[in-house]
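Below, all heavy atoms of this structure are taken into account, side chains as well, without hydrogens, waters or symmetry copies.
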Amino acid sequence: MTDDRLRTAREALRHQREWFAQLRAEAEAGRPVALVNADVPHELFRAFDVPYIVNQWWSSVAASRGAAQSGLDAVARAGLPRDSEPYNTIGLGNVLNGDGDDVAGWGVLPRPALVATDRTGDVTGKLFEAWRDVVGVELFAFESAVQTAPVEEWWRTVADQWEHVVGSRRIDLMVAELRELIPVLERISGRPYDETALREIMRLGNEQAEWNRRTRDLIAAARPLPVRVTDTIPAVMLPQWHRGTEWGRDAAKALHDEIAERVEDGRGVVADERARLMWIGRGLWFDMDFYRHFEEQYGAVFVWSMYLSIAADGYARYGGDPLRALASRFIGFPERLYVAPEATEWYVDQARQHGVDGVVHLVSDDPRGGWAITRALEEAGIPVFVLRADNADDSAYDAASVRSQVADWLASSVEAARARR
């Protein structure tokens, strides 16, 4: 067994700590910062050099450092529901608590000058309205247009045929909204819109996606699994929040090269790999030892998470007007991750590509398509364990019970499926 962590994972964490410390210092000195949801066009903020914090990234940090509950308590004290999309709500509570929520090793979340989201549901919209109405922060909210004509195997064509896959009317809407956001960012940054800068940011983002795709395919083909999912998640996602920079592109290449070295050396996560598992859903931030437990105790390795694979398949956009390409990059993420048929087809394809023996499917309250994903995988002959939990709120989570249930599932459903094959 190999216990050494990926160099690239350690480097990504080091870089993120330094970046966040610098951002906090600049915010304290008066520089405006934004807090944005994961599914809004970050690249436009980067084109204006407006620093941004990704809401879900901060929630993952707070949850992993034990600061989620204090944030949710603050939300409740403000008269808002603490159990409604906790993953999206923790940052709001941390800001409401102010200096009282000093997250160990990271510090206090700065009060943003602007928050941005897309209205993927009524709850998300109301939550971000609370930033405006309760905290007094400027809000920019994108509409969420529904896909009416899903495209089969979207991941094979979206990078080049994004206008067709995403739909021109949906792109038109978001481009119009981006043009509304531009003067807001011009006012905040004091800079004019620079299309050349955005084109370069998109180019670097495409190169980053290309390296992520190579890495994903490398891991899918490797036997044994050369790297833990708890390393690939930070090594992929922290550079994702710096997408469109040379550092983000170079970090993605370094991750690929380090994993390629491990494959060449024949190194594996465990000495006796007995089951290959797929993790569907967000990271279980408050119990990241969950994954290592099953590696060490059962030889069950997690070969897949959405973080690397959506970075591989979901972001590259080539050609066309940069605003339209950017809009197409961010339209439809909920469909590709949670809604049939686009999500279900992708997960089944990924399960087959990675040769998985079973799937642990984390189902939280807010993504509504979990049942369809589970059904599609089971119809494809792949056993699924449905773990019902919130990935950031551990108030109702019983680690011992969950691990016992997953162990029983491994011994029964997964072993039976392997025997049939």
Problem set entry | salt bridge (Lys or Arg N to Asp or Glu O under 4.0 Å) between R203 and E200, worked out | CA-CA 5 Å; R203 184 188 69 81; E200 175 64 8; 2.6 Å; yes
Problem set entry | Chi angles and distances behind the salt bridge (Lys or Arg N to Asp or Glu O under 4.0 Å) call for E28, R111 | CA-CA 9 Å; E28 290 171 3; R111 176 191 171 105; over 6 Å; no
Exercise. Please walk me through it: do Y52 and H42 pass ring-ring contact (aromatic ring centres under 6.0 Å, His included)?
Worked result: CA-CA 8 Å; Y52 59 87; H42 303 166; 5.0 Å; yes
Exercise. Please walk me through it: do R292 and E295 pass salt bridge (Lys or Arg N to Asp or Glu O under 4.0 Å)?
Worked result: CA-CA 5 Å; R292 184 181 288 264; E295 294 165 0; 5.2 Å; no
For this session: Start with the C-alpha gap between D118 and S144, add the side-chain angles, then the distance that decides, and say whether side chain to side chain donor-acceptor pair (under 3.5 Å) holds.
Result: CA-CA 6 Å; D118 65 330; S144 181; 4.8 Å; no
Problem set entry | Criterion salt bridge (Lys or Arg N to Asp or Glu O under 4.0 Å) on D287 and R403, from CA distance to verdict | CA-CA 11 Å; D287 188 15; R403 293 181 187 191; 2.7 Å; yes
Exercise. Taking it one step at a time, do N97 and R77 satisfy side chain to side chain donor-acceptor pair (under 3.5 Å)?
Worked result: CA-CA 10 Å; N97 272 337; R77 287 194 299 272; 2.7 Å; yes
Exercise. Does the pair W106 and W57 meet the rule for a ring-ring contact (aromatic ring centres under 6.0 Å, His included), with working shown?
Worked result: CA-CA 12 Å; W106 291 88; W57 166 73; 5.5 Å; yes
Problem set entry | Chi angles and distances behind the side chain to side chain donor-acceptor pair (under 3.5 Å) call for Q22, E18 | CA-CA 6 Å; Q22 180 66 29; E18 292 181 357; over 6 Å; no
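Across every non-hydrogen atom of P112 and L35, the tightest pair is CB-N, 3.8 Å. Scanning all heavy atoms of the two residues, the minimum distance from V33 to A27 falls at CG1-CB, 4.1 Å. Taking every heavy atom of both residues into account, D313 and W154 meet most closely at O-CZ3, 3.6 Å. Nearest heavy atoms, V384 versus E378: CG2-CG, 3.8 Å. Across every non-hydrogen atom of A62 and N94, the tightest pair is CB-OD1, 3.9 Å. Heavy atoms only, all atoms of each residue included: S59 and I90 are closest at OG-CB, 3.7 Å.
For the salt bridge (Lys or Arg N to Asp or Glu O under 4.0 Å) condition, the pairs that include at least one residue of residues 247-256, sequence neighbours left out, are E207-R249, K253-D257.
Of the possible donor and acceptor atoms, one in the side chain of Q208 sits under 3.5 Å from a partner among the backbone N and O of P239. For R223 (side chain) and A220 (main-chain N/O), a donor-acceptor pair under 3.5 Å exists by modelled atom type. No donor-acceptor pair closer than 3.5 Å links the side chain of Q240 to the backbone N or O of A311. In terms of modelled atom types and a separation under 3.5 Å, the side chain of D357 and the main chain of R276 share a donor-acceptor contact. Side-chain atoms of E258 come within 3.5 Å of backbone N or O of T8 as a donor-acceptor pair. For E177 (side chain) and E143 (main-chain N/O), a donor-acceptor pair under 3.5 Å exists by modelled atom type. Side-chain atoms of Y338 never come within 3.5 Å of backbone atoms of G281 as a donor-acceptor pair (strictly under, hydrogens ignored). Using modelled atom types, one side-chain atom of R24 and one backbone atom of V108 make a donor-acceptor pair closer than 3.5 Å. Side chain of H354 to backbone of Q350: a donor-acceptor contact under 3.5 angstrom is found. Checked by atom type and distance alone, the side chain of T215 pairs as donor or acceptor with a backbone atom of W211 at under 3.5 Å.
Summarising the geometry, atom CG belonging to L238 is positioned 11.5 Å from atom CG belonging to L255; distances are rounded to the nearest 0.5 Å. Distance check, rounded to the nearest 0.5 Å: CG of L387 to CG of L284 gives 6.5 Å. Here the straight-line distance linking atom OG1 of T374 with atom CD of E379 works out to 11.0 Å at 0.5 Å rounding. The line from OG1 of T89 to NZ of K126 is 14.5 Å long, rounded to the nearest 0.5 Å. Between the CZ atom in F45 and the CD1 atom in I188 there is a gap of 7.5 Å [rounded to 0.5 Å].
Under the 3.5 Å distance criterion, with hydrogens and angles disregarded, a donor-acceptor pair is assigned to the side chains of R329 and N206.
By the salt bridge (Lys or Arg N to Asp or Glu O under 4.0 Å) test, D349 pairs with R156, sequence neighbours left out.
Taking the six-membered ring for Trp and the full ring otherwise, W241 and F20 have centroids separated by 6.0 Å or more.
Taking the six-membered ring where tryptophan is involved, the planes of F330 and Y315 are perpendicular, since the angle between them exceeds 60° and thus also 30°. Classified by interplanar angle (parallel below 30°, tilted 30° to 60°, perpendicular above 60°), the ring pair F286/Y397 is perpendicular. Using cut-offs of 30° and 60° on the angle between ring planes, the pair F302 and F290 is tilted. Classification of the H242-H15 ring pair by plane angle, with boundaries at 30° and 60°, yields perpendicular.
Taking the side chain as every heavy atom from C-beta outward, W285 and Y87 approach each other to under 4.5 Å. Residues E43 and L198 have side chains in contact (heavy-atom distance under 4.5 Å, counting atoms from C-beta outward). Inter-residue side-chain proximity for I310 and R216 is flagged as unmet; no heavy-atom pair is nearer than 4.5 Å. Contact of the Q56 side chain with the R282 side chain is not registered, since no non-hydrogen atoms from C-beta on lie closer than 4.5 Å. At least one side-chain heavy atom of S309 sits less than 4.5 Å from a side-chain heavy atom of W346. Looking at heavy atoms from C-beta onward, W279 lies in side-chain contact with V360 at the 4.5 angstrom threshold. The shortest side-chain heavy-atom distance between L323 and Y193 falls under the 4.5 Å cut-off. A heavy-atom distance below 4.5 Å is found between the side chains of D394 and Q69.
For CD of E152, the number of neighbouring non-hydrogen atoms (other residues, nucleotides, ligands) closer than 6.0 Å is 12 at most. For D265, the CG atom sits in a packed shell: over 12 heavy atoms of surrounding residues, nucleotides or ligands are nearer than 6.0 Å. The number of heavy atoms from other shown groups lying within 6.0 Å of CZ (R17) is above 12.
A salt bridge is defined here as a Lys NZ or Arg NE, NH1 or NH2 lying under 4.0 Å from an Asp or Glu carboxylate O, and R5 with E11 fails to meet this definition. At a threshold of 4.0 Å, the pair D4-R262 counts as salt-bridged, since one of the basic side-chain nitrogens sits closer than that to a carboxylate oxygen. Between R31 and D49 there is a salt bridge, since at least one side-chain N of the basic residue sits less than 4.0 Å from a carboxylate O of the acidic one. Of the charged side-chain nitrogens involved, none lies within less than 4.0 Å of a carboxylate oxygen, so that R213 and E210 do not count as a salt-bridged pair.
Each of R324, R317, R169, R170 was evaluated against E163; a single residue qualifies, R324, per the salt bridge (Lys or Arg N to Asp or Glu O under 4.0 Å) test. Of the candidates T120, T124, L127, V54, N37 forms a side-chain contact (heavy atoms from CB on, under 4.5 Å) with just one, namely T124.
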